[in-house]
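Take a look at the structure below.
Values below: all heavy atoms of this structure, side chains included; hydrogens, waters and symmetry mates excluded.
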Amino acid sequence: MGKVIIKIASALVNKIKLDLSRDHEFALERAGFCFGKSVKLPNGTWIVIINEYLSITDDNYIRTDQACARINGEAIRLAYQKAFSDKVGLFHIHMHELTKSFPYFSLIDETSIPKVVESVQSYSKSQVHGMIVLSQQSINAKVLCPNKKKLIKASQVSIVGNDLQLSFPKEKLTNRNANRYSRQSFLGDNAEDLISRIKVGIVGLSGGGSHIIQQLAHIGFLKYALSDPEKIDDDSNLNRVVGATLEDAKNKVLKFNVSKKVIINLHPKALISGGPKKWEELIDDFRDCDVIFACLDTVIGRRDLELFCRRYFIPLIDIGMGIAQGKEETIMYGQVQVSAPGQPCFTCNGFLTEESLAIEANNYGQKTKRPQVVWSNGVLASTAIGIFIEMLTGWTGRKPKNYYLSYEGHEHILTDHINKNYLPKTCTHFPISESGPLNY
């Protein structure tokens with residue numbers, strides 16, 4: 001059976017934890033129901049996007065001495081009704097508040113909750129259903145796939161926001177301690193194993209993307225989805241595409257193949273999907289990514305990629321630079337920005353505007369070779385990689401935050417963008433409840 005990956009926004013998890021932590025007159029713990037949309041990829045992997053939560057009212061709990069909490073038929077009926085009417089998956093969820101690490105289902109959980117999950121399958125047959133238990137710092141889940149009779153452990157559960165909290169119910173993370181990565185040991189005991197399991201997408205493999213590829217490979221990432229339809233078509237590419245050679249320019253080698261070569265030279269058994277096409281033609285290769293780096297030339301391209309990432313709860317880390325040549329001075333500028341579920345988007349922070357999109361649309365089809373240099377792309381790419389590793393491992397110990405950095409290359413300055421002071425607390429352009437695959 002293929003993998004089952006569950007994704008849920010950290011903003012929704014926080015809301016759920018607040019609800020489940022409320023005291024009840026007699027129930028020792030609370031429960032609730034989550035709802036999600038599922039899609040099966042050609043490789044057999046199921047992606048489940050959990051985007052809504054239904055709280056159980058106080059009067060729908062039943063007094064019992066046999067369990068910490070028991071809910072009545074009305075609570076279950078309301079959950080089944082939503083699963084049926086909205087054609088979504090249903091997940092029973094509760095929390096073990098005293099557990100700090102990975103939570104396990106109790107014996108009572110294992111005997112009572114599956115009955116609720118199995119029964120809902122007749123109401124919503126095409127969706128993945130399941131059961132979830134939260135702890136203070138982690139999450140566990142079992143799932144029931146369409147046309148199956150028994151629940152199995154989820155392969156991966158991702159809580160996605162300004163950081164990435166990943167758990168692997170089927171196969172726990174281990175401390176590998178390989179000498180090759182010994183100088184990265186400060187990232188955490190399980191960092192090496194975690195890095196080896198993460199799938200990273202890179203859209204655009206030229207100036208910025210080639211730096212991203214190189215650094216990810218050196219850090220130890222083994223799973224990639226790559227997209228770039230262009231070739232190393234002349235020598236002018238060689239001033240910024242890391243890994244490209246004179247022979248590559250002479251033979252007009254695809255940038256995809258250059259990036260693949262950089263990875264394979266460090267990891268012969270790396271898993272590389274995607275291809276020399278636009279990412280829109282490679283949707284299935286990117287839907288199960290844990291993060292995507294955008295190294296694009298256009299604001300329209302960023303808009304479309306952000307929409308895709310928001311739908312699938314994939315953090316998007318964008319880098320870009322430009323050079324403005326005036327009569328008296330030349331200015332180098334750029335940005336590093338992160339778009340994650342429930343957090344301010346590229347429209348919230350003022351990067352994407354109706355004006356910038358209209359200007360670019362009016363210039364559609366006018367291809368120009370913009371000034372580019374390797375060092376500025378390196379600064380932006382390295383910063384983006386650093387942000388991602390912090391999101392993934394939490395090695396700094398700081399509270400996760402939204403990043404929007406402004407680059408003034410002519411002054412050698414990288415600092416918080418001025419608009420960061422005016423970001424909204426929540427994003428209204430991409431409501432969490434409206435996320436999930438469209439073909440469900």
Side-chain angles (χ1 to χ4, degrees), residues 201-218 224-266 272 274-282 292-302 304-305 317-336 356 359-385 406-412 414:
I202 303 95
V203 178
L205 305 174
S206 193
S210 63
H211 282 273
I212 296 287
I213 290 290
Q214 181 194 50
Q215 294 187 39
L216 289 173
H218 278 284
Y224 300 84
L226 311 180
S227 166
D228 196 315
E230 296 183 353
K231 299 177 180 180
I232 306 294
D233 52 9
D234 58 46
D235 290 356
S236 68
N237 291 134
L238 299 179
N239 81 316
R240 68 191 186 281
V241 180
V242 175
T245 66
L246 286 168
E247 280 296 306
D248 293 332
K250 178 181 177 181
N251 296 322
K252 300 187 183 303
V253 173
L254 290 162
K255 293 177 181 178
F256 172 83
N257 289 338
V258 171
S259 293
K260 188 174 180 179
K261 176 179 64 177
V262 170
I263 297 168
I264 295 299
N265 283 343
L266 286 164
I272 303 172
K277 300 178 181 179
K278 294 182 179 180
W279 71 268
E280 293 93 338
E281 301 175 65
L282 303 164
I292 291 178
F293 289 89
C295 308
L296 298 165
D297 293 330
T298 67
V299 291
I300 293 175
R302 289 178 172 91
D304 295 344
L305 186 56
I317 305 178
D318 169 69
I319 64 173
M321 65 149 291
I323 296 175
Q325 295 175 285
K327 291 183 178 180
E328 298 183 358
E329 64 176 344
T330 298
I331 296 174
M332 181 183 293
Y333 57 92
Q335 82 286 333
V336 181
S356 64
I359 291 174
E360 188 169 276
N362 289 334
N363 293 329
Y364 180 77
Q366 299 180 21
K367 294 194 69 174
T368 59
K369 291 190 175 183
R370 301 184 304 137
Q372 289 278 320
V373 287
V374 70
W375 72 84
S376 56
N377 283 321
V379 169
L380 296 171
S382 295
T383 303
I385 291 290
S406 179
Y407 179 55
E408 297 177 60
H410 55 292
E411 296 285 354
H412 313 295
L414 186 65

With S259, which of I212, I213, V242 fulfils side chain to side chain contact (heavy atoms under 4.5 Å, CB included)? I213

Taking N239 for the side chain and Q372 for the main chain, is one N or O donor matched with an acceptor at less than 3.5 Å? yes

Indicate yes or no: at least one non-hydrogen side-chain atom of T383 is less than 4.5 angstrom from one of Y407. no

With no hydrogens and no angle check, just 3.5 Å: does a side-chain donor-acceptor pair link D318 and Q335? yes

Straight-line distance of D228 CG to L254 CG, nearest 0.5 Å: 8.5 Å

Where C295 and G208 come nearest, the two heavy atoms and their spacing: SG-C, 4.0 Å

Return the CH2 to CG distance between W279 and L305, rounded to the nearest 0.5 Å. 5.0 Å

Could you measure the distance from the CG atom of N251 to the CG atom of D233? Nearest 0.5 Å is fine. 13.0 Å

Return yes if some donor-acceptor pair links the side-chain N/O of S382 with the main-chain N/O of V379 below 3.5 Å, else return no. no

Verify, without hydrogens or angle tests, whether R302 (side chain) and A294 (backbone) share a donor-acceptor contact under 3.5 angstrom. no

Check I202, I292, L282 against S227 for a side chain to side chain contact (heavy atoms under 4.5 Å, CB included) and give me the one that passes. L282

Between A384 and I319, which heavy-atom pair has the shortest distance, and what is it? CB-CG2, 3.6 Å

Considering all heavy atoms, the nearest V241-S206 contact: CG2-OG, 3.7 Å

Judged by atom type as modelled, is there a donor-acceptor pair below 3.5 Å linking the side chain of D234 to the main-chain atoms of S236? yes

Distance from T245 atom OG1 to K250 atom NZ, nearest 0.5 Å? 11.0 Å

Quick one: are R240 and N237 in side-chain contact, heavy atoms under 4.5 Å? yes

On a heavy-atom basis, the closest approach of I323 and P371 is CD1-CB, 3.8 Å

Has K231 got more than 12 heavy atoms of other residues, nucleotides or ligands less than 6.0 Å from its NZ? no

Minimum heavy-atom distance between N377 and M321, given as atom pair plus value: OD1-CG, 3.6 Å

Would you say that L266 contacts Q214 through its side chain, given a criterion of any heavy-atom pair below 4.5 Å between the two side chains? no

Could you tell me if the side chain of L205 sits less than 4.5 Å from the side chain of F256, heavy atoms only? yes

Atom pair CG/CD1 of L380 and I317 - distance to nearest 0.5 Å: 13.0 Å

Are any side-chain N or O atoms of E360 and backbone N or O atoms of I300, one a donor and one an acceptor, separated by less than 3.5 Å? yes

Closest non-hydrogen atom pair, G243 against K261: O-NZ, 3.8 Å

Measure the spacing between NE2 of H412 and CE of M332 and express it to the nearest 0.5 Å. 8.5 Å

